[in-house]
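Here is the structure we will look at, set down as structure tokens.
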Amino acid sequence: MSYKLAAKKYTAELLRRTCVFKLLSLSTAKEKAPVLMYHRVLDTPEQESVFVQPGMYVTTKTFRLHVAYLKKNYQVISLQELAARVRDGKDVGQCCVITFDDGWLDTYTQAYPVLQEFDVPASIFLATGLIGTKRLFWPEEFAAYLQSTELRDLARHKSRMIDEVLSRASDMSKDELLDGCISALKTLPVEEREELLTHLQGMSKSDPPGRMLLDWDEVREMQDSGLVSFGAHTADHVILDQVSLEQAEEEIVQSKLDMQEHLGGRPEVFAYPNGNYNADIQGLLEKHGFLAAVTTKKGWVGPGTNMLEIPRIGMHEHVSRTVPLFLARMYLRRF
């Protein structure tokens, strides 16, 4: 355990023992509601066929710990219900929402059984163009290629950003190296990143991993349970403020059409890929009938919250593996 993580764990436990979290609950949760953001839920991330970024997962054990706490201490509701309550001026105090981004297969295999066990709802945002396919999101695809020394050296010569990360490789673990490369690639223009990815695809000799995203049968099964509702997350997980407004609209509309075709009814909620948006993107959502959209900005939802800028609290294993850490993540802005 790193010094920083150990210090966080000690601080969180101290705050729990001194009842600080109880006081914060009485003040913050009285009128506002947290919207929690998850991506993946995994039994053993080390055994995954593709590298998993540390900020992208909680273990099944940790997720069950979270849900058990929320079931006991909050009224867990869907995002649609939360948005409706805020619009209608109704109380959202002591409510909570669980959300998942992307549509990972483990949302069905690992998270869904926990939701069933505790009978709590959740909202899942689908990158609809990847549902039912063996495609990967670009960070996972890059990670798969960069695990190869040959392809990593090739990427180093093609990208100055990758070269800067790899120049510090001797001071990093393999996971830190891959995570650093992905973070660097996020800063590249879309065209440059796609060009590099295409080049690595052409040079790779390894077979792609099996399906990692949900299929539409699994989505419909969860929807039919009444516990899980779905929102749009674009078709191809395009970062909307990095492309033309025309392309952004195409991505939004296609995800809406895909969901209408496979699930019936039109989606009313949306998640911005990577949390990126601007006023023009919000205008597109309003134009196409979306009533609420979630961001990656940290905060709680209450009276006056803009329903197209709903803040969320991101949860991942290293910052939420115990109840005190979980509470610190929820209540403390910088934790």
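Numbers for residues simply follow the sequence, beginning at 1.
With rounding to the nearest 0.5 Å, the separation of CD1 in Ile239 from CD1 in Ile281 is 11.5 Å. Thr99 contributes atom OG1, which lies 10.5 Å from atom CE of Met315 (distance to the nearest 0.5 angstrom). Interatomic distance, Thr59 OG1 to Leu42 CG, rounded to the nearest 0.5 Å: 8.5 Å. From Leu23, atom CG reaches atom OG of Ser27 across 7.5 Å, with rounding to the nearest 0.5 Å. Note that the CG atom of Leu24 and the CE atom of Met330 stand 10.5 Å from one another [nearest 0.5 Å].
Other residues, nucleotides and ligands contribute more than 12 heavy atoms inside 6.0 Å of the NZ atom of Lys298. Within 6.0 Å of CD in Glu195 there are 12 or fewer heavy atoms belonging to other residues, nucleotides or ligands. For Glu150, the CD atom sits in a loose shell: 12 or fewer heavy atoms of surrounding residues, nucleotides or ligands are nearer than 6.0 Å.
Tyr272 and Val238 fall into different hydrophobic clusters, where Ile, Leu, Val, Met, Phe, Trp and Tyr are joined by side-chain heavy atoms under 4.5 Å apart, directly or via other members. Hydrophobic clustering places Phe230 together with Leu115 (ILVMFWY residues linked when any side-chain heavy atoms are closer than 4.5 Å, directly or through intermediates). When hydrophobic clusters are built by joining Ile, Leu, Val, Met, Phe, Trp and Tyr residues whose side-chain heavy atoms come closer than 4.5 Å, directly or via intermediates, Val67 is grouped together with Ile313. Linking Ile, Leu, Val, Met, Phe, Trp and Tyr residues whenever their side-chain heavy atoms come within less than 4.5 Å leaves Leu82 and Leu36 in two separate clusters.
Arg329 places a side-chain N or O within 3.5 Å of a backbone atom of Phe335 that can act as its donor or acceptor partner. Of the possible polar contacts, none joining the Gln75 side chain to the Cys95 backbone as a donor-acceptor pair under 3.5 Å is found. Put simply, the side chain of Ser225 gets close to the backbone of Leu227: a donor and an acceptor are under 3.5 Å apart. Asp215 contributes a side-chain N or O that, together with a main-chain N or O of Asp217, makes up a donor-acceptor pair within less than 3.5 Å. In terms of modelled atom types and a separation under 3.5 Å, the side chain of Asp179 and the main chain of Asp175 share no donor-acceptor contact.
Taking the charged nitrogens against the carboxylate oxygens, Glu141 and Arg135 have no contact shorter than 4.0 Å, which rules out a salt bridge. The residues Glu13 and Lys9 are annotated as not salt-bridged, no charged nitrogen and carboxylate oxygen being separated by less than 4.0 angstrom. The pair Arg40-Asp102 does not meet the salt-bridge criterion, since no charged nitrogen lies less than 4.0 angstrom from a carboxylate oxygen.
Here Trp104 and Phe137 bring their ring centres to under 6.0 angstrom of each other. Checked against a 6.0 Å centroid threshold, the rings of Phe100 and Phe63 count as neighbours. When ring centroids are compared, Phe125 and Phe270 stay outside the 6.0 Å threshold.
Contacts of Asn278 classified as side-chain hydrogen bond (donor to acceptor under 3.5 Å, both in side chains), with partners at least two apart in sequence or in another chain: none.
No hydrogens or angles considered: nothing links the side chains of Tyr112 and Glu218 as a donor-acceptor pair under 3.5 Å. At a cut-off of 3.5 Å, with distance as the only test, a side-chain donor of Gln282 or Glu309 sits close to an acceptor on the other residue. At a cut-off of 3.5 Å, with distance as the only test, a side-chain donor of Glu249 or His288 sits close to an acceptor on the other residue. Side-chain N/O atoms of Ser255 and Thr234 include no donor and acceptor closer than 3.5 Å.
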Steps toward side chain to side chain donor-acceptor pair (under 3.5 Å) verdict (Thr295, Arg312)
CA-CA 6 Å; Thr295 72; Arg312 290 188 293 176; over 6 Å; no
As a quick check of understanding, evaluate side-chain contact (heavy atoms from CB on, under 4.5 Å) for Trp138 and Glu194, giving each step before the final call.
CA-CA 9 Å; Trp138 72 257; Glu194 289 180 347; over 6 Å; no
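Residues Tyr38 and Met56 form no side-chain contact, since every pair of their non-hydrogen atoms from C-beta on lies 4.5 Å or further apart.
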